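Atoms within each ligand, like the ligands themselves, are counted from 1 in listed order. The shown structure was predicted, so the numbers you read here are calculated from the model rather than taken from an experiment.
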Amino acid sequence: MVTESACNSANLSQRSICDERYSAGLYDDRSVPVLTAERDALSNAMQRAVVTFPLTHRISLFDFGYGTGRVINDWIEGQARQYLRSAHQELRLVAYDVSSVGLRIAQERLRAVGYEPTRPVRWETGSAQGYIAGAVRKRQPDVSVTVVFVHGCENEPPDVMRELALAANDGDHYLLTTCLYGSLGHVPGEDLRRDYFRQLSELTSPRGEIILCLSATGDLVEIQPEWSEKLAAGDTGGFPIERHGDLVYDTEIGQQNFYHVFGTELNDYMKSITTAGQRWWIEGIRYPGDEFESLETEQANYRLVQQANERKRGRVWSADDYREFHSIAAFRSPVGPANGG
Ligand SMILES: C[S@@+](CC[C@H](N)C(=O)[O-])C[C@H]1O[C@@H](n2cnc3c(N)ncnc32)[C@H](O)[C@@H]1O
């Protein structure tokens with residue numbers, strides 16, 4: 001049997017960092033759990049997807065780096081169903097993460113709001129191979145909502161993630177693929193990140209929607225110079241610091257965690273996964289500043305974000321645009337009626 005340590009690379013494994021973070025229970029303590037701009041991004045993409053696929057039986061979503069499902073579960077329970085039409089009888093969310101602790105917390109929370117396992121859910125905490133752990137479902141008069149848990153291993157190449165994702169959706173491509181709260185930023189190395197972008201694109205229907213919410217260069221500005229200097233000096237302390245935007249921050253429980261904040265390279269990543277009949281664009285999600293202490297402060301930030309998005313609409317973002325934001329979202333969408341074209 002292959003163990004967890006065989007799967008994890010020395011002290012940088014996201015699986016061990018996140019298992020520990022979720023076990024400590026402080027990670028989800030955001031006072032405003034879902035930002036209005038995140039909810040808008042999801043709802044607008046869902047609206048486009050149901051216009052593109054009015055007759056499909058199943059609306060499928062793949063969430064990369066799902067964690068405890070903090071953002072997407074709230075939206076699935078609160079808003080997602082209102083966009084569905086009569087043909088859409090199943091909403092399937094495939095929850096992909098390397099942390100089984102996060103996924104199990106999500107499973108418990110979903111059970112508490114009426115979801116039942118479709119069959120026993122099986123966890124292999126230290127598995128060196130990704131696998132489909134199981135699923136929970138809630139049947140409602142209009143639609144049945146299923147959440148399938150896929151426990152990945154980051155030491156496997158990203159095409160394994162794509163294969164698992166497709167297997168979890170009966171071989172079908174996804175209508176909506178998401179990454180929320182910066183999960184792709186934890187992938188070390190430019191080549192590997194590009195490969196994840198490519199695989200996420202390939203598991204999504206060409207007419208489907210992609211939303212990748214990421215940290216921008218306006219986030220963690222206080223520690224970026226330190227890591228740029230270390231990179232220039234060739235002394236990165238064994239961390240995979242390769243380029244501007246790579247850094248290591250301390251988590252809320254004092255772990256050192258690799259992260260990449262995105263700038264104009266994201267334009268190239270998005271161009272590389274966009275083909276004829278599709279378009280991509282960037283929108284701001286959150287302006288820099290402290291964690292929100294109240295809905296009012298979140299709303300004030302949201303208004304600034306909306307105004308900035310309006311000013312930037314229709315143009316390719318520059319380095320200054322990225323520096324203006326704490327978080328941004330990259331979108332890919334088909335050209336056609338759903339996009340007003
Ligand atoms: C910042 S958390 C975001 C969690 C969640 N999306 C949210 O909105 O709260 C990042 C998540 O990405 C996951 N992650 C990091 N690298 C990953 C990888 N290569 N494959 C899958 N998940 C990964 C971590 O385990 C963690 O749960």
Side-chain angles (χ1 to χ4, degrees), residues 4 7-9 12-35 37-39 41-42 61-76 93-106 109 125 127-131 133 147 149-165 168 177-189 191-200 203 211-215 219-220 240 249-253 255 257-262 285-286 291 326-327 329:
E4 182 162 18
C7 169
N8 295 336
S9 44
L12 280 177
S13 142
Q14 284 299 312
R15 179 183 283 181
S16 53
I17 289 177
C18 289
D19 277 352
E20 225 177 283
R21 271 182 105 172
Y22 293 132
S23 298
L26 299 175
Y27 174 80
D28 281 342
D29 272 0
R30 193 156 80 162
S31 57
V32 179
V34 183
L35 306 183
E38 290 170 325
R39 202 177 280 131
L42 287 163
L61 285 77
F62 180 75
D63 188 35
F64 174 89
Y66 168 92
T68 58
R70 174 179 61 177
V71 175
I72 201 150
N73 286 359
D74 183 284
W75 176 75
I76 290 279
L93 167 62
V94 173
Y96 178 84
D97 204 285
V98 292
S99 168
S100 63
V101 176
L103 295 172
R104 292 173 87 143
I105 291 172
R109 289 181 184 161
T125 312
S127 176
Q129 273 122 33
Y131 63 96
V147 181
F149 300 107
V150 182
H151 183 208
C153 176
E154 69 217 72
N155 281 4
E156 291 189 306
D159 61 332
V160 174
M161 170 197 73
R162 186 199 68 230
E163 283 163 14
L164 279 168
T177 292
T178 57
C179 160
L180 300 166
Y181 213 66
S183 303
L184 278 165
H186 290 292
V187 173
D191 292 347
L192 192 58
R193 277 194 297 278
R194 277 186 182 274
D195 200 4
Y196 271 105
F197 272 69
R198 195 163 39 242
Q199 301 302 335
L200 290 173
L203 64 84
I211 312 173
L212 308 174
C213 292
L214 302 164
S215 288
D219 188 18
L220 296 168
Y249 71 93
D250 289 337
T251 68
E252 67 289 345
I253 55 168
Q255 307 150 303
N257 200 9
F258 172 83
Y259 200 45
H260 180 76
V261 294
F262 288 81
I285 291 287
R286 177 180 160 185
E291 279 296 318
H326 170 288
S327 317

List every atom of ligand 1 that sits less than 4.0 Å from any heavy atom of [X], numbering the atoms from 1 in the order shown and giving each element.
X	result
G67	27 (O)
Q14	15 (C), 16 (N)
C18	24 (C), 25 (O), 26 (C)
Y181	1 (C), 3 (C), 7 (C), 8 (O)
L180	3 (C), 5 (C), 6 (N), 8 (O)
Y96	20 (N), 21 (C)

| query | To the nearest 0.1 Å, how far is atom 13 (C) of ligand 1 from its closest protein heavy atom, and which atom is that? | reply |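 The closest heavy atom on the protein side is D97 OD2, 3.3 Å.
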
| query | N/O to N/O below 3.5 Å, does that happen between H186 and ligand 1? | reply |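 Between H186 and ligand 1, no N or O pair is found under 3.5 Å apart.
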
| task | Using distance alone, determine whether F64 and ligand 1 share an N or O pair under 3.5 Å. | result |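 Looking only at distances, the answer is no, because the N/O contact criterion of under 3.5 Å is not met.
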
| task | Could you tell me if the ring centre of H186 sits under 6.0 Å from that of F258? | result | no

| said: Tell me if the centroids of the rings in F149 and H151 come within less than 6.0 Å of each other. | reply: no

| remark: The answer for which part of Y22 has a heavy atom under 4.0 Å from ligand 1 is side chain

